[in-house]
There are 2 protein chains.
Amino acid sequence: METFKAGELRVDRDTPIVLEGTSSPHLYTVLEGTAIRFKTLEDGRRQVIGFVLPGDFIGLQAAVMAEMQHSVTAVSAMHLCVFNRADLYRMFGEQPERSFDVTWLAAREEHFLGDQLVTVGRRSALERVAHALHMLHGRALDVGIATKTSMDMPFTQEDLADALGLSLVHTNKTLSRLRALQVASWKTKKLEIFDRERLADIAGIENAPPPIRPLI
Amino acid sequence: METFKAGELRVDRDTPIVLEGTSSPHLYTVLEGTAIRFKTLEDGRRQVIGFVLPGDFIGLQAAVMAEMQHSVTAVSAMHLCVFNRADLYRMFGEQPERSFDVTWLAAREEHFLGDQLVTVGRRSALERVAHALHMLHGRALDVGIATKTSMDMPFTQEDLADALGLSLVHTNKTLSRLRALQVASWKTKKLEIFDRERLADIAGIENAPPPIRPLI
DNA sequence: CGGCGAGTTGATCATAGTCAAGATCTGTGG
DNA sequence: CCACAGATCTTGACTATGATCAACTCGCCG
């Protein structure tokens, strides 16, 4: 993978990394920091379609299709590894293994989106919030940026609300409920998980361990 | 692509093609007919995460990841082209072009899901139904199974409701509204589009023609 | 003719949205 | 170190969109 590395990039919180409708000559993997993927309607309504954690790809869509279908903005300071779009195409010719891994990542992204769609389409507010916290904590554990009982939450409650298709107010009230239930508490950029078991239960998760990811 | 073709398959309406949580040794492209992709919660709630039309891939997730994350069931008689999972891996080594196209398809699927997520998360019932009809008609036009003013709708209203995160009853009432507005009418498996322009307008769609698809 | 799946319609209920006001937290400059 | 401003979070009161329940109709197939 080193062969294809074009450089590194550091960006601040709130920096747009890629924009919906544009085609960047670069794509990125996240070395450090977090971001949100989202789409915006003309009237300002926003849907967060995913959370970007270390190890994730940014800009694959633009590299493969003509242009990005969503925007990505940093929610904390980030450290990115930069690749050239053209090199991706070259890689498909030279490194079938890596190419397969890229497709794996795309399939995984599809999987996340499907899950999110079920959450937004068919779960109640309490289930949604529980599901989101469970997933975020689980993924953060995977990449080693969380402990069993707590993690940093660089997102705002508005980000979460927009991810879940709920209003900010209702999301906040639902978080209070989870706090009252002694399941999880999110205060001042810090999420504390008191009972991950129960959280999964409320979210309606039956579960299995997450798949092994390829290293990129 | 002929090299990798393992056979053909004909299935009836209501036949499950792949199941969530399983890994099939095959993957398919649709030559004819339609299907739905969906996920089910233990308590029976169902979320339709996509509609499968001719030219679409089925089973890519299972081929790339360990197992399928959603089920696919035929909603009309279908004619499928069958490939072996193992051959996909071989293809990545032998045909970089085709491999890139497969990744393109995965990225497109991701795009559809993102759109759907916006619809379910942030649009009103009327907007959702309008958006879904617009998209289905648009895609059907693309693959040549619709005219400018009408198309076959093998789905039930329950399928649509489950795709939009609405109840069946409310979906039905919203369809009545669109009929009253003289925009579109869906009666007995037939969708009629009276005013595609207006439909797009109600759905809140601004924009551009769909991307060119690679032939597989 | 009878039965079943799908679609239609009305009445009532509940979840989540909106509006509004206040509290708390954060960063900035004096 | 403090004061202030803007962002973020919190809580309450009221509203509205869509869910649920229930009954009925229609079309199709035996």
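What you see is a predicted model; the values in this text were computed from it and never measured. So that the names make sense, note that chain A is the first sequence line, chain B the second, and so on, each numbered from 1.
At whole-Å resolution of the value, CG in B/D14 and P in C/dG5 are 11 Å apart. The interatomic distance linking A/Q157 (CD) with D/dT11 (P) rounds to 10 Å, in whole Å. Atom-to-atom, NZ of B/K187 to C1' of C/dA6 comes out at 12 Å; the value is rounded to the nearest Å. For the pair A/M153 CE and C/dC25 P, the computed distance is 18 Å after rounding to whole Å. Across the protein-nucleic acid pair, B/R128 atom CZ and D/dA19 atom C1' stand 12 Å apart, rounded to whole Å. Distance, A/R45 CZ to C/dG17 P: 13 Å, rounded to whole Å.
At a threshold of 4.0 angstrom between heavy atoms, the contacts of A/S124 are confined to the sugar-phosphate backbone, with no base atom among them.
We find that A/D162 and A/K39 are not joined by a salt bridge, their nearest charged nitrogen and carboxylate oxygen being 4.0 Å or further apart. In summary, A/R108 and B/E110 do not engage in a salt bridge, as defined by a charged side-chain N under 4.0 Å from a carboxylate O.
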Which protein N or O atoms sit under 3.5 Å from an N or O of nucleotides 27-29 of chain C?
none

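Of the candidate nucleotides C/dT26, C/dA6, D/dC9, C/dA6 has the atom lying nearest to any side-chain atom of B/R13.
Contacts between residues 158-179 of chain B and DNA chain D, defined by a heavy-atom separation under 4.0 Å, are made by B/G165, B/L166, B/S167, B/V169, B/H170.
With hydrogens and angles left out, the side-chain atoms of B/E8 and B/H79 include a donor and acceptor closer than 3.5 Å. Under 3.5 Å, the side chains of B/R85 and B/H26 contain no donor-acceptor pair of N or O atoms. Between the side chains of A/S124 and A/E127, at least one donor-acceptor pair of N or O atoms lies under 3.5 Å.
The local environment of CD in B/E42 is crowded, with over 12 non-hydrogen atoms from other residues, nucleotides or ligands closer than 6.0 Å.
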_Before you tell me yes or no, could you show the steps for A/F51 and A/F155 under side chain to side chain contact (heavy atoms under 4.5 Å, CB included), namely the whole-Å CA-CA distance, both residues' side-chain angles and the distance that decides it to 0.1 Å?_
CA-CA 9 Å; A/F51 299 98; A/F155 317 105; 3.4 Å; yes
_Between A/V18 and A/I58, is the side chain to side chain contact (heavy atoms under 4.5 Å, CB included) condition met? List the steps._
CA-CA 8 Å; A/V18 295; A/I58 297 173; 4.1 Å; yes
Name the atoms and distances for all side-chain donor-acceptor pairs under 3.5 Å in residues 174-182 of chain A, with sequence neighbours left out.
unit_1 : atom_1 : unit_2 : atom_2 : d
A/T174 : OG1    : A/H170 : O      : 2.7
A/S176 : OG     : A/N172 : O      : 3.1

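Closest-nucleotide positions on DNA chain D for A/K189 and B/A125 were compared, and the one nearer the 5' end corresponds to A/K189.
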